[in-house]
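Structure first, then comments.
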Amino acid sequence: MSLTLDTYRLLGRSGLRVSPLALGTATFGTEWGWGAERDDARKLFDTYVERGGNFIDTASTYTNGSSERMLGEFTRDHRESLVLATKYTTLRRPGDPNSGGAHRKSLFASVETSLRQLNTDYIDLLFLHVWDFTTPVEEILRGMDDLVRHGKVLYVAMSNAPAWEISRMQAIADLRGWSPLVALQIEYSLINRGGERDLIPMARTMGLGVTPFSPLGGGVLSGKYSRTDLTATSADSDESNRKSFNAGLGMVTERTLAIADVVREVAAEVGHTSAQVALAWTLQNPGVTAPVVGARTPEQLVGNLGALEVDFTADQLARLDKVSAIDLGYPHDMLASDQIHAATAGDLKIQTRR
């Protein structure tokens with residue numbers, strides 16, 4: 001069934017209503033070597049909001065702060081109707097070790113920076129951006145809860161952290177009456193289904209709505225890469241810089257290009273683009289609330305929003321699943337085996353939640 005941006009969904013265990021696609025604004029600004037200048041960024045924002053979108057994703061350090069500063073201007077007349085999500089932990093001042101990390105000092109300073117840049121007195125949703133393996137979870141949770149109690153943050157969430165740490169944090173928050181986690185942002189796409197091992201099942205069980213980033217696999221699933229990019233060198237242009245960046249992250253391989261080939265085949269069958277098919281596939285997962293989509297031009301954004309209109313047949317979903325399947329590893333593969341089922345349930349038919 002087709003969706004629209006105003007087909008709102010509840011975010012995790014909260015009552016917060018968000019659009020089924022979030023607008024990612026890491027492309028607002030050109031400080032990273034690619035992205036949209038101010039006028040184009042404004043068009044992206046207006047296109048999304050005019051179509052009913054209300055969920056905006058940014059971070060305090062995206063494009064060296066330009067993303068938040070632009071949003072502070074663009075959201076001036078829409079603030080109450082929007083859900084602004086930002087993040088902390090990435091280094092804000094090179095050379096200052098306490099300007100990054102998950103600890104309380106970094107948390108409070110980053111939030112104050114975001115409030116100034118966003119020109120607002122509260123943040124709807126605050127993500128811990130990157131797990132640092134050093135800060136005690138109680139320090140993180142208590143700091144987040146203090147910000148909620150002060151009214152500077154309404155909801156808190158996690159990103160890029162181990163599943164066992166997140167589930168432990170949720171249990172501690174519940175036991176101590178602190179603000180619960182309501183969302184989880186992870187990389188998730190047809191070329192990276194690692195979240196299906198533990199993170200997405202954990203999020204469903206613990207009440208976190210999943211907002212995947214890079215649902216197009218750095219553009220691989222949109223069809224912009226070919227086998228020649230496996231050995232290509234960078235050139236001086238925004239597009240080639242972005243391509244080199246994604247290639248360096250290991251997104252361009254024989255495996256991912258083979259997945260992109262099947263996406264292209266399915267796209268031709270359903271009458272949509274490869275990017276729309278790849279985005280629509282993430283929405284098939286019941287654990288996913290709202291993938292984060294970015295764009296550099298209004299045309300790209302409108303194209304991505306067309307993913308809400310894609311319908312798949314069972315055969316098409318099966319083909320996409322087969323070409324992108326991953327080994328879930330121990331203990332998941334063992335526990336899913338017929339031998340273990342026979343040993344624990346016999347002839348009983350028991351439906352699992354995964």
When you check the side-chain N and O atoms of [X] and [Y], is any donor under 3.5 Å from an acceptor?
X      : Y      : result
Arg51  : Thr4   : no
Ser60  : Ser114 : no
Thr211 : Thr289 : no
Asp57  : Gln185 : yes
Asn54  : Tyr48  : no
Ser67  : Thr58  : yes
Asn192 : Ser189 : no
His332 : Asp198 : yes

Quick one: closest heavy-atom pair of [X] and [Y], and the distance?
X      : Y      : answer
Ala307 : Ala280 : O-CB, 3.5 Å
Arg92  : Ser106 : NH2-O, 4.2 Å
Val137 : Glu165 : CG1-OE1, 3.7 Å
Pro291 : Leu279 : CB-CD2, 4.4 Å
Leu44  : Leu23  : O-CD2, 4.2 Å
Gly29  : Thr63  : O-CG2, 3.6 Å

Which residue in the set Arg79, Lys152, Arg76 passes side chain to side chain donor-acceptor pair (under 3.5 Å) when paired with Thr120? Arg79
Using only atom types and a distance under 3.5 Å, with no angle test, would you say the side chain of [X] pairs donor to acceptor with the backbone of [Y]?
X      : Y      : result
Ser99  : Arg93  : yes
Ser159 : Ile186 : no
Ser19  : Ala22  : no
Ser167 : Trp164 : yes
Thr89  : Val130 : yes
Asp132 : Gly101 : no
Ser14  : Leu16  : yes
Thr61  : Asn64  : no

Heavy atoms from other residues, nucleotides or ligands near CD of Glu139 exceed 12 (cutoff 6.0 Å): yes
More than 12 foreign heavy atoms under 6.0 Å from CZ of Arg193: is that the case here?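 Yes, enclosed.
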SB check [X] [Y] (cutoff 4.0 Å):
X      : Y      : value
Arg319 : Glu269 : yes
Asp39  : Lys43  : no
Asp174 : Arg13  : yes
Asp261 : Arg227 : yes

Pi-cation contact, Phe55 with Arg17 (under 6.0 Å, within 45°): no
State, with a plain yes or no, whether a side-chain heavy atom of [X] is found less than 4.5 Å away from one of [Y].
X      : Y      : result
Trp131 : Pro162 : yes
Val288 : Pro212 : yes
Lys87  : Leu128 : no
Leu308 : Leu283 : yes
Thr253 : Ile191 : no
Leu317 : Gln284 : yes
Val111 : Leu126 : yes
Leu190 : Val263 : yes

If hydrophobic clusters are built from ILVMFWY residues whose side chains come within less than 4.5 Å, do [X] and [Y] share one?
X      : Y      : answer
Leu5   : Val302 : no
Ile259 : Tyr225 : yes
Met206 : Trp178 : yes
Met202 : Leu141 : yes
Phe213 : Val156 : no

Using the rule given for side chain to side chain contact (heavy atoms under 4.5 Å, CB included), can you reason through Glu187 versus Met251, listing the C-alpha separation, both sets of side-chain angles and the distance that settles it, and then say yes or no? CA-CA 12 Å; Glu187 183 179 346; Met251 290 183 171; 3.5 Å; yes
Using side chain to side chain contact (heavy atoms under 4.5 Å, CB included), reason through Val266 and Phe312 one step at a time and then give a plain yes or no. CA-CA 9 Å; Val266 172; Phe312 295 109; 4.0 Å; yes
Stepwise, does the side-chain hydrogen bond (donor to acceptor under 3.5 Å, both in side chains) test hold for Glu31 with Ser66? CA-CA 8 Å; Glu31 286 82 358; Ser66 287; 2.6 Å; yes
Check the pair Glu73, Arg38 against side chain to side chain contact (heavy atoms under 4.5 Å, CB included), reporting the backbone distance first and the verdict last. CA-CA 10 Å; Glu73 177 186 351; Arg38 180 197 169 281; 2.3 Å; yes
Any chance you could lay out the side chain to side chain contact (heavy atoms under 4.5 Å, CB included) test for Thr25 and Ile56, step after step, and finish with the verdict? CA-CA 7 Å; Thr25 62; Ile56 313 291; 3.8 Å; yes
Hey, what's the ring geometry for Trp32 with Tyr62, parallel, tilted or perpendicular (30° and 60° as the breaks)? perpendicular
Kindly compute the distance separating [atom1] ([X]) from [atom2] ([Y]), expressed to the nearest 0.5 Å.
X      : Y      : atom1 : atom2 : result
Leu3   : Leu305 : CG    : CG    : 12.0 Å
Arg204 : Leu184 : CZ    : CG    : 13.5 Å
Leu84  : His78  : CG    : NE2   : 11.5 Å
Arg104 : Asn98  : CZ    : CG    : 14.0 Å
Phe45  : Phe28  : CZ    : CZ    : 8.0 Å
Arg142 : Leu107 : CZ    : CG    : 12.5 Å

